Amino acid sequence: MDMDSIVSLCKRRGFLFQSSEIYGGLQGFWDYGPLGVELKRNVKNAWWQDMVSGHDDISTLPGAPSSYAMEGLDCTIIMHPQVWKCSGHYDLFHDFMVDCRETKKRYRHDQLNGRWVEAKGQKIFVTAPAGDEEQAVMEKQAMKFFKIRAKNKDDIQWDGASTCLTEIDSFAEVLGPDAKTLGTLTEPREFNLMFKTYVGALSGEEGAAFLRPETAQGIFVNFKNVLDSTRNRLPMGIAQIGKSFRNEITPRNFTFRSREFEQMEIEFFCHPDKSQEWYRYWRDRRLQWYHDMGISGDRLIMREHHKEELAHYSIGTADIEYAFPFMAEGEFGELEGVAHRGDFDLRSHMEGKLDEKTDPLTLQLGEDGKPKWKGSGKDLSYRDDLTNEKYTPHVIEPSAGADRATLAFLCEAYTEDSAPDDKGKMQTRTVMKLHPRLAPIKAAVFPLVKKDGMPEVAKDIYLDLKKHFNVFYDEKGAVGRRYRRQDEAGTPYCITVDGESLTDKTVTLRDRDSLEQVRVKIDEVEQVIRERIDE
RNA sequence: GCGGGUGUAGCUCAAUGGCAGAGCUCCAGCCUUCCAAGCUGGUGGUGAGGGUUCGAUUCCCUUCACCCGCUCCA
C-alpha cells in the first residue's frame, strides 16, 4: 500500500486538501474537503458518544475498578499566559536548546557554562549546567576526558573564567556536560513551539499570549468548576475536543504532523491509590476503541514506555500506535498517548510549577530561590464527603489526535481489489472500507435507469432517508459506474430502484465490501441501514 | 535544520526555445434493466516570482510545496 495512492484519492474525492493551495500551500496545514469533514466529524462524534455522552455512569464497566462520571468541556484556545508557565510548556517550548548527539540529552543553551582548558597539547571547552557545582563538574569532566588522575590535576591548565555557552560560536571543541567525545552538541535551536499572539490592540509584551499547544490544560484549570457544577464524586473524567497548535520544526507525512491539529483528550481524576488500576483500564479501553472502529490488530500496537522514558511521578505511559504506510517496515506512528500524570498538573496550578526531576515533587525554584512560576493559589484538591478524606487527585490522561485517527482510518480503509465489469473482464476497484459509523455517506440511492418512474421513487426514498442519515442521490450514467464512485467515497450501502420496485415496493441493497445484493422492502430500508451501521 | 529528487488538465503520462497532446475522469445529449458498456459533443493545464530572449512550459536565478534519506518530534 503506498501513501501516494491514498493522498491522491483524498485529493481527488475531497477528503483532504492542502491549505491555501491556490497560493502554493502552507507547510503543516491541511483542509478537510466535503467527504473529509464528514469523516472527521464522525470520528469525533464516535469518540464523544462512546466516551462521554453515551457513558454509563451507573454500572461498573468491564475492567474498571468502579463506576465513574464523565463530563464534557470546551475551553478557549487562548488562555492566561500563566497557564503555560505552570504547565511547563513555556519553559519547554520557548528556549534555545542544544542537544547532545551522544547522550541524547537536551540542555538550555543559556544554562550551560564552560571554561577553556588545555592539557596534553589539546585545548577544549568543558561545559556543565550552570550552578554552584559547575566548577567541580567541569574539573571532573576535563580530567576524565584527558585521562588524568585526580592527584595530577595540576597538569591541566584553565584559561579564563567560566563563561556561558552562548559566547561560543563553534561547538567543534566543546565537550557536552555528560559526553565523552568532543563536538556532540548540536547548534542551538529555538524551541518556539507555541504560536505567539497578542491580546488587545497594542502588541506589547505584556499582552503576549499563546495559542494552546494542548487542550489538557483547559481541563485542569476548570477541574474545580466542573466538580462544583455537576455534584459528581470522584472518580470523574473530563473530556474535550478541540484545536491545538504547535509550531513543529518538521511537519511531514501528510496530516500526521500538522501545525494546527485537533485533539480528543480526557483527564481522568481519581484517588492516588486507585490510579494504577485506572491507568490500565484506560489504556486497554482506548486500544479496544480503535479495534472497534475497524483498525486491524496487526497494524495497531500498544507500546509501553520504558521506565527511563517516564517522568518519575508517572506509573506508566502507553502509546497506541498505527503502522502508517509512510512509516518504515516495522515502525509505527503514535495515535494516542495514555499517560499516568500523578498530581503534577493540579499541584502545579495550585502551588506553582513543580520540578519534574524531584521525588516527591517539589516547587521548581528560580535563580533567586523563589518559585520559578507562581501557581494560582487556589485549592484544587478534593474532599471525599463519604470518607472525609482530602487529597489531590491523580490524573490519567488518554490524549488522542483526531487528525491522526482520521488518517489512520483512511489508510486502513484504502483497498484495491478486483471486480468483474459488465463484460466479465476483471477491473481494479478502489474501495474505502470505512467502518459504517465513520463513513461520510451512509447510503446512496439510485434509479437503475433514468426513466419509467424510477427516479421519482428513488427521490422519495432519498428524501426520506435524508432525515436520518447523510445520503446521496445519483441518476447519471451506468449504475456500475455509480457503484464504483461510492466505493471510493467509502459509502457502505447503495439502494437501487428497479422495475420490480414499482410493483412490489422493494429495492436492492448493495453491500460495498461483499458486493452482495439483497431485496428490502422500501418501508424497511431505514431500519435495515440503521441496524447495519450500529453493528 | 541538512542532502537528494519532483512539480504539465481532476488523475496517469507525453512533447517542445515558436498554436502544449493523449488516455481515463468530469459535464451535456442519445442509448441503457445491476457493477467504470457504447455513440456524439464539450469543459479544462505548464506551482509562484524574476531574469536572458523577438519569443520561455523548456535555459538561468529566487521562492513555495510535495516525496525520499538524515536530524528533530510536548
Side-chain angles (χ1 to χ4, degrees), chain A residues 2-5 7-14 17-30 33 84 87-94 97 99 101 104 106 186-191 193-194 212-214 216-217 244-254 256-259 261 263 311 317 326 328 333-334 337 339 356 397 399 401 417-431 446-452 454 475-488 494-502 507-512 514-517 519:
Chain A
D2 76 304
M3 200 60 203
D4 288 347
S5 307
V7 173
S8 170
L9 180 135
C10 285
K11 165 87 195 294
R12 182 158 35 95
R13 297 312 309 260
F17 307 127
Q18 249 188 308
S19 169
S20 322
E21 195 192 70
I22 62 168
Y23 287 107
L26 190 60
Q27 202 183 18
F29 296 91
W30 299 90
W84 309 113
S87 71
H89 289 90
Y90 184 83
D91 291 341
L92 197 62
F93 279 13
H94 230 76
M97 309 290 285
D99 292 291
R101 298 188 188 92
K104 305 292 178 201
R106 173 171 293 160
T186 61
E187 290 296 302
R189 279 171 291 197
E190 190 176 9
F191 274 65
L193 260 56
M194 285 198 290
R212 65 182 176 197
E214 61 171 37
Q217 297 305 322
S244 291
F245 302 81
R246 287 181 200 177
N247 210 350
E248 296 285 355
I249 315 271
T250 318
R252 224 180 254 197
N253 292 328
F254 208 22
F256 182 76
R257 177 165 289 127
S258 300
R259 288 178 163 142
F261 57 101
Q263 291 181 300
T317 295
F326 50 75
E334 181 184 341
E356 297 106 295
E397 176 187 78
S399 169
D417 62 16
S418 290
D421 63 17
D422 71 331
K423 292 189 182 115
K425 198 176 140 200
M426 294 307 274
Q427 299 277 355
T428 300
R429 180 177 79 123
T430 301
V431 49
F446 307 144
L448 185 57
V449 289
K450 199 167 50 175
K451 62 178 187 182
D452 299 341
M454 292 180 208
E475 61 181 22
K476 286 175 275 197
V479 73
R481 183 183 300 269
R482 286 177 261 159
Y483 285 144
R484 292 296 177 88
R485 271 198 285 252
Q486 293 307 313
D487 289 338
E488 279 197 345
C494 292
I495 293 147
T496 303
V497 172
D498 57 19
E500 244 177 280
S501 308
L502 305 172
V507 290
T508 61
L509 183 76
R510 177 254 196 191
D511 183 274
R512 175 194 67 199
S514 67
L515 301 176
E516 280 172 359
Q517 295 187 19
R519 283 209 87 82

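Here the structure is a predicted model, which means the values were calculated and not measured. Just so we're on the same page: letters track the sequence lines, and every chain starts at 1.
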Checklist line | SB check Arg519(A) Asp498(A) (cutoff 4.0 Å) | finding: yes

Notebook entry, point to check: Quantified in whole Å, what is the P atom distance between nucleotide rU8(B) and nucleotide rU46(B)?
Noted result: 10 Å

Check: Could you state the CG-C1' distance from Leu509(A) to rC34(B), rounded to the nearest angstrom?
Finding: 13 Å

Notebook entry, point to check: Given that both distances must come in under 3.5 Å, which nucleotide forms a Watson-Crick or G-U wobble pair with rC27(B)?
Noted result: rG41(B)

Next item on the list: Could you check if a side-chain atom of Arg481(A) sits within less than 4.5 angstrom of a side-chain atom of Lys476(A), using non-hydrogen atoms only?
Entry: no

Item checked: Non-hydrogen side-chain atoms of Lys451(A) and Glu475(A) separated by less than 4.5 Å -> no

Notebook entry, point to check: When rounded to the nearest 0.5 angstrom, what is the spacing between CG in Leu26(A) and OG in Ser258(A)?
Noted result: 11.0 Å

Next item on the list: Would you mind reading off the distance between Asp4(A) atom CG and rG5(B) atom P, rounded to a whole angstrom?
Entry: 18 Å

Next item on the list: Evaluate the criterion side-chain contact (heavy atoms from CB on, under 4.5 Å) for residue pair Tyr483(A) and Phe446(A); output intermediate values, then yes/no.
Entry: CA-CA 9 Å; Tyr483(A) 285 144; Phe446(A) 307 144; 3.5 Å; yes

Using a cutoff of under 3.5 Å, can you pull out all pairs of nitrogen or oxygen atoms linking the protein to nucleotides 6-11 of chain B, with atom names and distances?
none

Note to self: When both hydrogen-bonding distances must be under 3.5 Å and the geometry is Watson-Crick or G-U wobble, what is rA14(B) paired with, if anything?
What the structure shows: none

Check: Since syn is defined as within 90° of 0, does rC19(B) count as syn or as anti?
Finding: syn

Margin query: Once you apply a heavy-atom cut-off of 4.0 Å, does Phe254(A) come out as touching a base, just sugar-phosphate, or nothing?
Written below: sugar-phosphate

Check: Has the side chain of Arg482(A) got a donor or acceptor atom that lies under 3.5 Å from a matching backbone atom of Pro447(A)?
Finding: yes

Note to self: Here's a test of your reading of the structure: between Glu21(A) and Phe256(A), which maps to the more 5' nucleotide of RNA chain B?
What the structure shows: Glu21(A)

Note to self: Can you see if the side chain of Gln27(A) gets near the phosphate of rC66(B) - specifically, an N or O under 4.0 Å from OP1 or OP2?
What the structure shows: yes

Check: Which base, if any, makes a Watson-Crick or G-U wobble pair with rG69(B), both distances under 3.5 Å?
Finding: rC2(B)

Note to self: Could you tell me how far apart Glu248(A) (CD) and rC72(B) (P) are, to the nearest whole angstrom?
What the structure shows: 14 Å

Margin query: Taking Phe254(A)'s backbone N and O only, do any of them form a donor-acceptor pair with Trp30(A)'s side chain (distance below 3.5 Å, no angle check)?
Written below: yes

Margin query: Between rG47(B) and rC39(B), how many Å separate the two C1' atoms, rounded to a whole number?
Written below: 38 Å

Notebook entry, point to check: Between rC34(B), rA28(B), rU33(B), which nucleotide has the shortest distance from any of its atoms to the side chain of Thr508(A)?
Noted result: rC34(B)

Note to self: I'd like the C1' distance from rA14(B) over to rU57(B), given in whole Å.
What the structure shows: 13 Å

Check: Does any N or O in the side chain of Arg13(A) come within less than 3.5 Å of the main-chain N or O of Ser8(A), such that one atom is a donor and the other an acceptor?
Finding: no

Check: rG55(B) pairs with which nucleotide, Watson-Crick or G-U wobble, both distances below 3.5 Å?
Finding: none

Notebook entry, point to check: Which of these, Val479(A), Ile495(A), Leu515(A), sits in a side-chain contact (heavy atoms from CB on, under 4.5 Å) with Arg510(A)?
Noted result: Leu515(A)

Notebook entry, point to check: Rounded to whole angstrom units, what separation is found between the CZ atom of Arg252(A) and the C1' atom of rU71(B)?
Noted result: 9 Å

Checklist line | No-hydrogen, no-angle side-chain donor-acceptor test under 3.5 Å, Glu214(A) and Ser244(A) | finding: no

Checklist line | Nearest-Å distance once atom P is located in both rU12(B) and rC67(B) | finding: 14 Å

Using atom names, set out every protein N or O paired with an N or O of nucleotides 39-44 of chain B below 3.5 Å, distance rounded to 0.1 Å.
none

Checklist line | Donor/acceptor link under 3.5 angstrom from Arg481(A) side chain onto base of rG38(B) | finding: no

Notebook entry, point to check: Does Lys450(A) have a side-chain nitrogen or oxygen under 4.0 Å from the phosphate oxygens OP1 or OP2 of rU32(B)?
Noted result: no

Check: Mind checking the C1' distance from rU52(B) to rU58(B)? Whole angstroms is fine.
Finding: 13 Å

Margin query: Base of rC64(B), side chain of Tyr23(A) - is there a donor-acceptor contact under 3.5 Å?
Written below: no

Check: If you measure from the C1' atom in rA9(B) to the same atom in rA20(B), how many Å do you get, rounded?
Finding: 11 Å

Notebook entry, point to check: Quick one: Arg484(A) CZ to rA36(B) C1', roughly how many Å, whole number?
Noted result: 5 Å

Notebook entry, point to check: Roughly how far apart, to the nearest Å, are rC66(B) and rC59(B) at atom P?
Noted result: 24 Å

Check: Taking atom C1' of rC66(B) as reference, at what distance in whole Å does atom CG of Asn253(A) sit?
Finding: 11 Å

Notebook entry, point to check: When we call it a touch if two heavy atoms are under 4.0 Å apart, what does Asp487(A) touch: a base, just sugar-phosphate, or nothing?
Noted result: nothing

Next item on the list: With a 3.5 angstrom cut-off on both distances, give the Watson-Crick or G-U wobble partner of rU32(B), or none if there isn't one.
Entry: none

Note to self: Between Arg259(A) and Glu248(A), does any side-chain N to carboxylate O distance fall below 4.0 Å?
What the structure shows: no

Notebook entry, point to check: Roughly, in whole Å, what's the span from CD in Glu475(A) to C1' in rU33(B)?
Noted result: 16 Å

Note to self: Between Phe326(A) and Phe256(A) (judged by ring centroids, cut-off 6.0 Å), do the two rings come close enough to count as a pair?
What the structure shows: yes

Check: Could you state the CG-P distance from Leu26(A) to rU63(B), rounded to the nearest angstrom?
Finding: 17 Å

Note to self: Given the structure, check if the side chain of Arg510(A) and the base of rC35(B) hold any donor-acceptor pair shorter than 3.5 Å.
What the structure shows: yes

Check: Taking the side chain of Phe326(A) as heavy atoms from C-beta outward, which of rC68(B), rA37(B), rC34(B) is closest to it?
Finding: rC68(B)

Notebook entry, point to check: In whole Å, what separates the P atom of rA37(B) from that of rU32(B)?
Noted result: 16 Å

Margin query: Using a 4.0 Å heavy-atom cut-off, does Gln18(A) contact any base of the nucleic acid, only the sugar-phosphate backbone, or nothing at all?
Written below: sugar-phosphate

